[in-house]
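Below is one structure, written out as C-alpha coordinates; the observations come after it.
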2 protein chains.
Amino acid sequence: MRLSKRGEYGLRAMIMLAGTPEKDASLPMVQIKEISQREQISAKFLEQILLTLKNAGLLHSKMGIGGGYYLAKPPSEISLGQIFRTLDGPVAPIKCVSQMAYEPCGCPDEQTCGLRMVMGDVRNAIANILDHTTLADVAKRQSDTRKKLGIK
Amino acid sequence: MRLSKRGEYGLRAMIMLAGTPEKDASLPMVQIKEISQREQISAKFLEQILLTLKNAGLLHSKMGIGGGYYLAKPPSEISLGQIFRTLDGPVAPIKCVSQMAYEPCGCPDEQTCGLRMVMGDVRNAIANILDHTTLADVAKRQSDTRKKLGIK
DNA sequence: AAAAAGTCTATTTATACAATAGACTTTATT
DNA sequence: AATAAAGTCTATTGTATAAATAGACTTTTT
(Lines give C-alpha, C1' and ligand atoms only; values in the text may rest on other atoms or scores of the structure.)
Protein backbone atom coordinates (compact mmCIF):
# COMPACT_ATOMS: atom_id res chain seq x y z
CA MET A 1 0.00 0.00 0.00
CA ARG A 2 2.75 2.39 -0.83
CA LEU A 3 2.72 6.12 -1.20
CA SER A 4 4.72 7.07 -4.28
CA LYS A 5 7.64 9.47 -4.15
CA ARG A 6 5.60 11.97 -6.12
CA GLY A 7 2.91 11.79 -3.49
CA GLU A 8 5.38 11.93 -0.66
CA TYR A 9 7.27 14.92 -2.03
CA GLY A 10 4.11 16.75 -2.96
CA LEU A 11 2.58 16.26 0.45
CA ARG A 12 5.79 17.33 2.15
CA ALA A 13 5.97 20.45 0.05
CA MET A 14 2.35 21.38 0.72
CA ILE A 15 2.78 20.79 4.43
CA MET A 16 5.85 22.98 4.37
CA LEU A 17 3.94 25.72 2.54
CA ALA A 18 1.18 25.49 5.13
CA GLY A 19 3.71 26.00 7.88
CA THR A 20 5.42 28.96 6.27
CA PRO A 21 4.45 32.14 8.08
CA GLU A 22 3.60 35.23 6.09
CA LYS A 23 6.36 37.77 6.09
CA ASP A 24 5.64 41.49 6.14
CA ALA A 25 1.93 41.05 5.51
CA SER A 26 2.81 39.62 2.11
CA LEU A 27 2.04 36.20 0.72
CA PRO A 28 4.08 33.31 2.05
CA MET A 29 5.90 32.59 -1.17
CA VAL A 30 8.43 29.80 -1.44
CA GLN A 31 10.70 28.84 -4.34
CA ILE A 32 11.18 25.38 -5.77
CA LYS A 33 14.85 25.65 -4.99
CA GLU A 34 14.24 26.33 -1.34
CA ILE A 35 11.83 23.43 -0.93
CA SER A 36 14.08 21.03 -2.78
CA GLN A 37 16.99 21.95 -0.56
CA ARG A 38 15.10 21.79 2.71
CA GLU A 39 13.50 18.44 1.84
CA GLN A 40 16.40 16.96 -0.11
CA ILE A 41 14.41 16.45 -3.29
CA SER A 42 15.53 16.76 -6.90
CA ALA A 43 14.52 20.29 -7.96
CA LYS A 44 13.53 19.14 -11.41
CA PHE A 45 11.29 16.42 -10.09
CA LEU A 46 9.70 18.77 -7.57
CA GLU A 47 9.06 21.22 -10.36
CA GLN A 48 6.79 18.73 -12.12
CA ILE A 49 5.00 17.90 -8.93
CA LEU A 50 4.30 21.50 -8.00
CA LEU A 51 3.14 22.21 -11.54
CA THR A 52 0.67 19.35 -11.32
CA LEU A 53 -0.57 20.67 -8.02
CA LYS A 54 -0.88 24.09 -9.56
CA ASN A 55 -2.87 22.81 -12.51
CA ALA A 56 -5.15 21.04 -10.07
CA GLY A 57 -5.90 24.38 -8.46
CA LEU A 58 -4.20 23.68 -5.16
CA LEU A 59 -1.27 26.02 -5.63
CA HIS A 60 -0.81 29.42 -7.15
CA SER A 61 2.45 30.79 -8.38
CA LYS A 62 4.18 33.93 -9.41
CA MET A 63 6.84 34.06 -12.07
CA GLY A 64 9.97 36.12 -12.14
CA ILE A 65 12.22 37.56 -9.51
CA GLY A 66 10.70 37.35 -6.07
CA GLY A 67 8.25 34.77 -7.36
CA GLY A 68 7.48 31.31 -6.11
CA TYR A 69 4.61 29.13 -4.99
CA TYR A 70 1.89 29.69 -2.42
CA LEU A 71 -1.25 27.87 -1.40
CA ALA A 72 -4.30 28.58 -3.52
CA LYS A 73 -6.55 28.46 -0.45
CA PRO A 74 -6.19 28.68 3.32
CA PRO A 75 -4.58 25.54 4.78
CA SER A 76 -7.85 24.70 6.48
CA GLU A 77 -9.52 24.29 3.11
CA ILE A 78 -7.01 21.94 1.52
CA SER A 79 -7.31 18.30 2.48
CA LEU A 80 -4.60 15.71 2.17
CA GLY A 81 -7.06 13.69 0.11
CA GLN A 82 -7.09 16.32 -2.61
CA ILE A 83 -3.32 16.37 -2.76
CA PHE A 84 -3.02 12.61 -2.65
CA ARG A 85 -5.51 12.02 -5.44
CA THR A 86 -3.93 14.64 -7.63
CA LEU A 87 -0.55 12.97 -7.44
CA ASP A 88 -1.26 9.31 -6.80
CA GLY A 89 -4.73 8.77 -8.19
CA PRO A 90 -7.62 6.99 -6.48
CA VAL A 91 -7.38 6.02 -2.84
CA ALA A 92 -9.16 2.71 -3.31
CA PRO A 93 -7.00 -0.44 -3.28
CA ILE A 94 -9.13 -1.95 -6.00
CA LYS A 95 -11.04 -0.17 -8.75
CA CYS A 96 -14.46 -1.61 -8.00
CA VAL A 97 -14.62 0.16 -4.64
CA SER A 98 -13.40 3.54 -5.84
CA GLN A 99 -15.83 6.39 -5.26
CA MET A 100 -13.98 8.86 -7.46
CA ALA A 101 -12.97 6.48 -10.25
CA TYR A 102 -15.15 3.38 -10.21
CA GLU A 103 -14.50 0.59 -12.69
CA PRO A 104 -15.74 -2.96 -12.48
CA CYS A 105 -13.15 -5.54 -11.46
CA GLY A 106 -13.39 -9.10 -12.60
CA CYS A 107 -15.39 -10.77 -9.86
CA PRO A 108 -18.44 -12.84 -10.84
CA ASP A 109 -20.79 -10.93 -8.53
CA GLU A 110 -19.84 -7.59 -7.05
CA GLN A 111 -22.64 -7.57 -4.53
CA THR A 112 -21.50 -10.71 -2.78
CA CYS A 113 -17.76 -10.47 -3.32
CA GLY A 114 -16.01 -10.78 0.04
CA LEU A 115 -12.80 -9.19 -1.13
CA ARG A 116 -14.74 -6.23 -2.40
CA MET A 117 -16.49 -5.74 0.93
CA VAL A 118 -13.25 -5.69 2.87
CA MET A 119 -11.45 -3.50 0.38
CA GLY A 120 -14.40 -1.15 0.55
CA ASP A 121 -13.81 -0.86 4.28
CA VAL A 122 -10.14 -0.20 3.67
CA ARG A 123 -10.93 2.46 1.12
CA ASN A 124 -13.28 4.18 3.50
CA ALA A 125 -10.82 4.06 6.34
CA ILE A 126 -8.10 5.67 4.25
CA ALA A 127 -10.41 8.21 2.65
CA ASN A 128 -11.84 9.21 6.02
CA ILE A 129 -8.43 10.11 7.28
CA LEU A 130 -7.12 11.82 4.17
CA ASP A 131 -10.32 13.70 3.37
CA HIS A 132 -10.85 14.90 6.91
CA THR A 133 -7.30 16.00 7.55
CA THR A 134 -6.43 19.44 6.23
CA LEU A 135 -3.07 21.10 5.94
CA ALA A 136 -4.07 23.25 8.91
CA ASP A 137 -4.64 20.11 10.98
CA VAL A 138 -1.21 18.82 10.09
CA ALA A 139 0.46 22.12 10.86
CA LYS A 140 -1.25 22.27 14.23
CA ARG A 141 -0.34 18.73 15.07
CA GLN A 142 3.27 19.41 14.24
CA SER A 143 3.49 22.52 16.34
CA ASP A 144 1.66 20.88 19.23
CA THR A 145 4.15 18.05 19.13
CA ARG A 146 7.07 20.48 19.10
CA LYS A 147 5.60 22.33 22.02
CA LYS A 148 5.07 19.16 23.98
CA LEU A 149 8.65 18.09 23.38
CA GLY A 150 9.97 21.52 24.12
CA ILE A 151 11.67 21.74 20.74
CA LYS A 152 12.48 24.91 18.88
CA MET B 1 -2.87 2.81 -2.63
CA ARG B 2 -3.29 -0.09 -4.94
CA LEU B 3 -3.57 -3.77 -4.19
CA SER B 4 -1.43 -5.70 -6.68
CA LYS B 5 -2.83 -8.45 -8.87
CA ARG B 6 -0.77 -10.95 -6.91
CA GLY B 7 -2.40 -9.75 -3.74
CA GLU B 8 -5.83 -9.69 -5.29
CA TYR B 9 -5.60 -13.16 -6.77
CA GLY B 10 -4.08 -14.61 -3.64
CA LEU B 11 -6.76 -13.14 -1.42
CA ARG B 12 -9.49 -14.31 -3.77
CA ALA B 13 -8.08 -17.82 -3.79
CA MET B 14 -7.80 -17.96 -0.01
CA ILE B 15 -11.32 -16.65 0.41
CA MET B 16 -12.55 -19.27 -1.99
CA LEU B 17 -10.70 -21.99 -0.07
CA ALA B 18 -12.29 -20.74 3.14
CA GLY B 19 -15.71 -21.02 1.58
CA THR B 20 -15.20 -24.51 0.21
CA PRO B 21 -17.13 -27.02 2.32
CA GLU B 22 -15.52 -30.30 3.29
CA LYS B 23 -16.77 -33.20 1.28
CA ASP B 24 -17.22 -36.64 2.78
CA ALA B 25 -15.42 -35.78 6.00
CA SER B 26 -12.26 -35.26 3.99
CA LEU B 27 -10.16 -32.14 3.60
CA PRO B 28 -11.55 -29.41 1.39
CA MET B 29 -8.95 -29.73 -1.33
CA VAL B 30 -8.98 -27.54 -4.39
CA GLN B 31 -6.77 -27.63 -7.48
CA ILE B 32 -4.98 -24.70 -9.07
CA LYS B 33 -6.86 -25.40 -12.27
CA GLU B 34 -10.21 -25.13 -10.61
CA ILE B 35 -9.41 -21.86 -8.87
CA SER B 36 -7.93 -20.35 -12.00
CA GLN B 37 -11.04 -21.21 -13.97
CA ARG B 38 -13.51 -20.02 -11.37
CA GLU B 39 -11.66 -16.74 -10.84
CA GLN B 40 -10.45 -16.21 -14.40
CA ILE B 41 -6.79 -16.11 -13.47
CA SER B 42 -3.78 -17.41 -15.39
CA ALA B 43 -3.08 -20.85 -13.92
CA LYS B 44 0.68 -20.34 -14.12
CA PHE B 45 0.53 -17.06 -12.29
CA LEU B 46 -1.76 -18.50 -9.62
CA GLU B 47 0.65 -21.37 -9.21
CA GLN B 48 3.40 -18.98 -8.09
CA ILE B 49 1.08 -17.19 -5.76
CA LEU B 50 -0.18 -20.32 -4.06
CA LEU B 51 3.36 -21.60 -3.75
CA THR B 52 4.37 -18.38 -2.00
CA LEU B 53 1.41 -18.73 0.33
CA LYS B 54 2.37 -22.31 0.98
CA ASN B 55 5.96 -21.41 1.79
CA ALA B 56 4.63 -18.79 4.18
CA GLY B 57 2.79 -21.52 6.04
CA LEU B 58 -0.71 -20.40 5.14
CA LEU B 59 -1.52 -23.23 2.78
CA HIS B 60 -0.79 -26.91 2.71
CA SER B 61 -0.84 -29.05 -0.37
CA LYS B 62 -0.90 -32.57 -1.54
CA MET B 63 0.78 -33.74 -4.72
CA GLY B 64 -0.44 -36.25 -7.22
CA ILE B 65 -3.83 -37.43 -8.31
CA GLY B 66 -6.58 -36.18 -6.05
CA GLY B 67 -4.21 -33.61 -4.65
CA GLY B 68 -4.56 -29.86 -4.39
CA TYR B 69 -4.39 -27.05 -1.87
CA TYR B 70 -6.10 -26.57 1.45
CA LEU B 71 -5.81 -24.06 4.26
CA ALA B 72 -3.03 -24.72 6.74
CA LYS B 73 -5.23 -23.55 9.61
CA PRO B 74 -8.92 -23.00 10.29
CA PRO B 75 -10.25 -19.94 8.46
CA SER B 76 -10.76 -18.20 11.80
CA GLU B 77 -7.02 -18.29 12.41
CA ILE B 78 -5.88 -16.79 9.12
CA SER B 79 -6.10 -13.03 8.86
CA LEU B 80 -6.17 -11.06 5.64
CA GLY B 81 -3.17 -9.15 6.98
CA GLN B 82 -1.03 -12.29 6.88
CA ILE B 83 -2.01 -12.99 3.31
CA PHE B 84 -1.59 -9.40 2.22
CA ARG B 85 1.87 -9.03 3.73
CA THR B 86 3.04 -12.29 2.25
CA LEU B 87 2.14 -11.20 -1.25
CA ASP B 88 2.35 -7.40 -1.22
CA GLY B 89 4.77 -6.64 1.58
CA PRO B 90 4.31 -4.09 4.35
CA VAL B 91 0.96 -2.39 4.86
CA ALA B 92 2.48 1.00 5.69
CA PRO B 93 2.31 3.67 2.97
CA ILE B 94 5.76 4.88 3.95
CA LYS B 95 8.61 2.89 5.43
CA CYS B 96 9.15 5.01 8.52
CA VAL B 97 5.73 4.04 9.91
CA SER B 98 5.96 0.34 9.20
CA GLN B 99 5.66 -1.89 12.26
CA MET B 100 6.79 -5.03 10.50
CA ALA B 101 9.51 -3.52 8.30
CA TYR B 102 10.62 -0.18 9.69
CA GLU B 103 13.20 1.87 7.85
CA PRO B 104 13.97 5.54 8.29
CA CYS B 105 12.66 7.79 5.55
CA GLY B 106 14.37 11.03 4.69
CA CYS B 107 12.66 13.55 6.93
CA PRO B 108 14.81 15.83 9.09
CA ASP B 109 13.04 14.88 12.31
CA GLU B 110 10.81 11.83 12.52
CA GLN B 111 9.27 12.83 15.82
CA THR B 112 7.80 16.04 14.52
CA CYS B 113 7.17 15.08 10.90
CA GLY B 114 3.55 15.82 10.05
CA LEU B 115 3.43 13.52 7.07
CA ARG B 116 4.70 10.70 9.21
CA MET B 117 2.01 11.25 11.83
CA VAL B 118 -0.78 11.10 9.28
CA MET B 119 0.67 8.15 7.43
CA GLY B 120 1.01 6.41 10.78
CA ASP B 121 -2.73 6.85 11.24
CA VAL B 122 -3.36 5.48 7.77
CA ARG B 123 -1.16 2.49 8.42
CA ASN B 124 -2.98 1.73 11.63
CA ALA B 125 -6.38 2.07 10.02
CA ILE B 126 -5.47 -0.37 7.28
CA ALA B 127 -3.70 -2.79 9.59
CA ASN B 128 -6.61 -2.79 12.02
CA ILE B 129 -8.95 -3.93 9.33
CA LEU B 130 -6.68 -6.47 7.68
CA ASP B 131 -5.29 -7.93 10.89
CA HIS B 132 -8.66 -8.22 12.56
CA THR B 133 -10.49 -9.71 9.63
CA THR B 134 -10.09 -13.44 9.24
CA LEU B 135 -11.07 -15.67 6.37
CA ALA B 136 -13.92 -16.92 8.53
CA ASP B 137 -15.18 -13.35 8.92
CA VAL B 138 -15.15 -12.86 5.17
CA ALA B 139 -16.91 -16.15 4.52
CA LYS B 140 -19.60 -15.27 7.05
CA ARG B 141 -20.09 -11.83 5.62
CA GLN B 142 -20.48 -13.27 2.15
CA SER B 143 -23.02 -15.84 3.18
CA ASP B 144 -24.94 -13.32 5.28
CA THR B 145 -25.12 -11.04 2.28
CA ARG B 146 -26.35 -13.85 0.07
CA LYS B 147 -28.97 -14.76 2.62
CA LYS B 148 -30.13 -11.17 2.92
CA LEU B 149 -30.45 -10.89 -0.83
CA GLY B 150 -32.10 -14.26 -1.12
CA ILE B 151 -29.45 -15.49 -3.52
CA LYS B 152 -28.46 -19.10 -4.02
C1' DA C 1 4.08 -47.22 -16.21
C1' DA C 2 1.22 -43.46 -16.93
C1' DA C 3 -1.38 -39.61 -15.57
C1' DA C 4 -2.44 -35.99 -12.49
C1' DA C 5 -1.30 -33.16 -9.49
C1' DG C 6 2.17 -29.68 -7.17
C1' DT C 7 7.42 -27.60 -7.16
C1' DC C 8 10.92 -24.59 -8.44
C1' DT C 9 13.46 -21.25 -10.86
C1' DA C 10 14.45 -18.62 -14.85
C1' DT C 11 13.06 -15.58 -18.39
C1' DT C 12 10.34 -12.32 -20.76
C1' DT C 13 7.20 -8.55 -21.26
C1' DA C 14 4.67 -4.70 -19.79
C1' DT C 15 3.84 -0.86 -17.00
C1' DA C 16 4.50 2.64 -13.99
C1' DC C 17 7.56 5.30 -11.31
C1' DA C 18 11.43 8.39 -10.87
C1' DA C 19 14.42 11.35 -12.73
C1' DT C 20 16.63 14.22 -16.17
C1' DA C 21 16.84 17.51 -20.01
C1' DG C 22 16.12 21.52 -22.45
C1' DA C 23 13.79 25.14 -24.67
C1' DC C 24 10.36 28.59 -23.42
C1' DT C 25 7.69 32.49 -20.74
C1' DT C 26 7.04 35.98 -17.32
C1' DT C 27 8.51 39.56 -14.19
C1' DA C 28 11.54 42.62 -11.62
C1' DT C 29 15.57 45.21 -11.59
C1' DT C 30 19.19 48.01 -13.39
C1' DA D 1 16.46 47.54 -23.29
C1' DA D 2 19.01 43.98 -21.24
C1' DT D 3 19.66 40.66 -17.87
C1' DA D 4 18.68 37.55 -14.29
C1' DA D 5 15.53 35.02 -11.57
C1' DA D 6 11.90 32.81 -11.23
C1' DG D 7 8.08 29.38 -13.10
C1' DT D 8 6.13 26.48 -17.56
C1' DC D 9 5.79 22.70 -20.48
C1' DT D 10 6.72 18.50 -22.74
C1' DA D 11 9.71 14.92 -24.14
C1' DT D 12 12.93 11.45 -23.13
C1' DT D 13 15.51 8.16 -20.51
C1' DG D 14 16.41 5.03 -16.95
C1' DT D 15 14.98 1.75 -13.54
C1' DA D 16 12.24 -1.02 -10.69
C1' DT D 17 8.44 -3.72 -10.02
C1' DA D 18 4.57 -6.23 -11.48
C1' DA D 19 2.58 -9.61 -14.39
C1' DA D 20 2.87 -13.35 -17.07
C1' DT D 21 4.99 -17.25 -19.40
C1' DA D 22 7.98 -21.34 -19.84
C1' DG D 23 9.82 -25.63 -18.89
C1' DA D 24 12.00 -29.21 -16.51
C1' DC D 25 11.28 -31.68 -12.20
C1' DT D 26 8.95 -34.38 -8.12
C1' DT D 27 5.31 -36.80 -5.81
C1' DT D 28 1.31 -39.70 -5.58
C1' DT D 29 -2.38 -42.61 -7.16
C1' DT D 30 -4.22 -46.06 -10.11
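Proteins come first, then strands; the chains are lettered A, B, ... in the order of their sequence lines, and each starts at number 1.
- In this structure, A:Met1 places its CE atom 13 Å from P of D:dA18, rounding to the nearest Å.
- When the nucleotides C:dC8, C:dT27, C:dG6 are ranked by their closest atom to the side chain of B:Tyr69, C:dG6 comes out on top.
- Comparing A:Gly7 and B:Lys54 by the nucleotide of DNA chain C that holds the closest heavy atom to each, the one mapping nearer the 5' end is B:Lys54.
- Judged by distance alone, with hydrogens and angles left aside, A:Gln48 brings no side-chain donor or acceptor close enough to the base of D:dT8 to form a pair under 3.5 Å.
- Nearest heavy-atom pair, B:Lys62 versus B:Tyr70, reported as atom, atom and distance to 0.1 Å: N-CE2, 4.5 Å.
- The base of C:dG6 is not paired with the side chain of B:Lys33 by any donor and acceptor separated by under 3.5 Å.
- Atom pair B:Met63:CE and D:dT28:C1' shows a separation of 9 Å (rounding to whole Å applied).
- If you take CD1 of A:Ile41 and P of C:dT20, they are 13 Å apart, rounded to a whole angstrom.
- Checking C:dT27, C:dA5, D:dT29 against the side-chain heavy atoms of B:Lys62 singles out D:dT29 as nearest.
- For B:Arg6, counting side-chain heavy atoms from C-beta on, the closest listed nucleotide (D:dT10, D:dA19, D:dA4) is D:dA19.
- Distance from the side chain of B:Ile32 is smallest to C:dG6 among C:dT27, C:dA19, C:dG6.
- Closest to the side chain of A:Glu47, out of C:dC8, C:dG22, D:dT29, is C:dG22.
- Within the nucleic acid shown, A:Leu50 has no heavy atom closer than 4.0 Å to any nucleic acid atom.
- Side-chain N or O atoms of B:Arg116 include one that pairs as donor or acceptor with a backbone N or O of B:Cys96 at under 3.5 Å.
- A:Arg85 has a carboxylate O that lies under 4.0 Å from a charged side-chain N of A:Asp131, or vice versa, which qualifies the two as a salt bridge.
- Atom OH in B:Tyr9 sits about 14 Å away from atom P in D:dA18, given to the nearest Å.
- Atom CG in A:Leu59 sits roughly 17 Å away from atom P in D:dA6 (whole-Å rounding).
- With DNA chain D read from its 5' end, the first of the two nearest nucleotides for A:Asn55 and A:Arg2 is the one closest to A:Asn55.
- The residue A:Lys5 sits close only to the backbone: its heavy atoms come under 4.0 Å of sugar-phosphate atoms, none of a base.
- Both B:Lys44 and A:Gly66 lie near DNA chain C, and the one whose nearest nucleotide falls closer to the 5' end is B:Lys44.
- Side-chain proximity of B:Phe45 to the nucleotides C:dC8, D:dA20, D:dA11 is greatest for D:dA20.
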For this session: Check step by step if side-chain contact (heavy atoms from CB on, under 4.5 Å) holds for B:Leu3 and B:Phe84.
Result: CA-CA 9 Å; B:Leu3 174 68; B:Phe84 180 97; 3.5 Å; yes
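- Between the C1' atom of C:dT27 and the CD atom of A:Gln31 lies a distance of 13 Å, rounded to the nearest Å.
- Checking D:dC9, C:dT7, D:dG7 against every side-chain atom of B:Leu51, the shortest atom distance belongs to C:dT7.
- If you measure from atom CD1 of A:Ile49 to atom C1' of C:dC17, you get 11 Å, rounded to the nearest angstrom.
- A donor-acceptor pair shorter than 3.5 Å cannot be found between the side chains of A:Asn55 and A:Thr52.
- B:Ser42 has a side-chain polar atom (N or O) that falls below the 4.0 Å cut-off from OP1 or OP2 of D:dT21.
- When distances are taken from the side chain of A:Ser4 to each of D:dG7, C:dC17, D:dT27, the shortest belongs to C:dC17.
- To the nearest angstrom, C1' of D:dT8 lies 15 Å from CG of A:Leu46.
- The main-chain N or O of A:Pro74 is never found under 3.5 Å from a side-chain atom of A:Glu77 such that the two would form a donor-acceptor pair.
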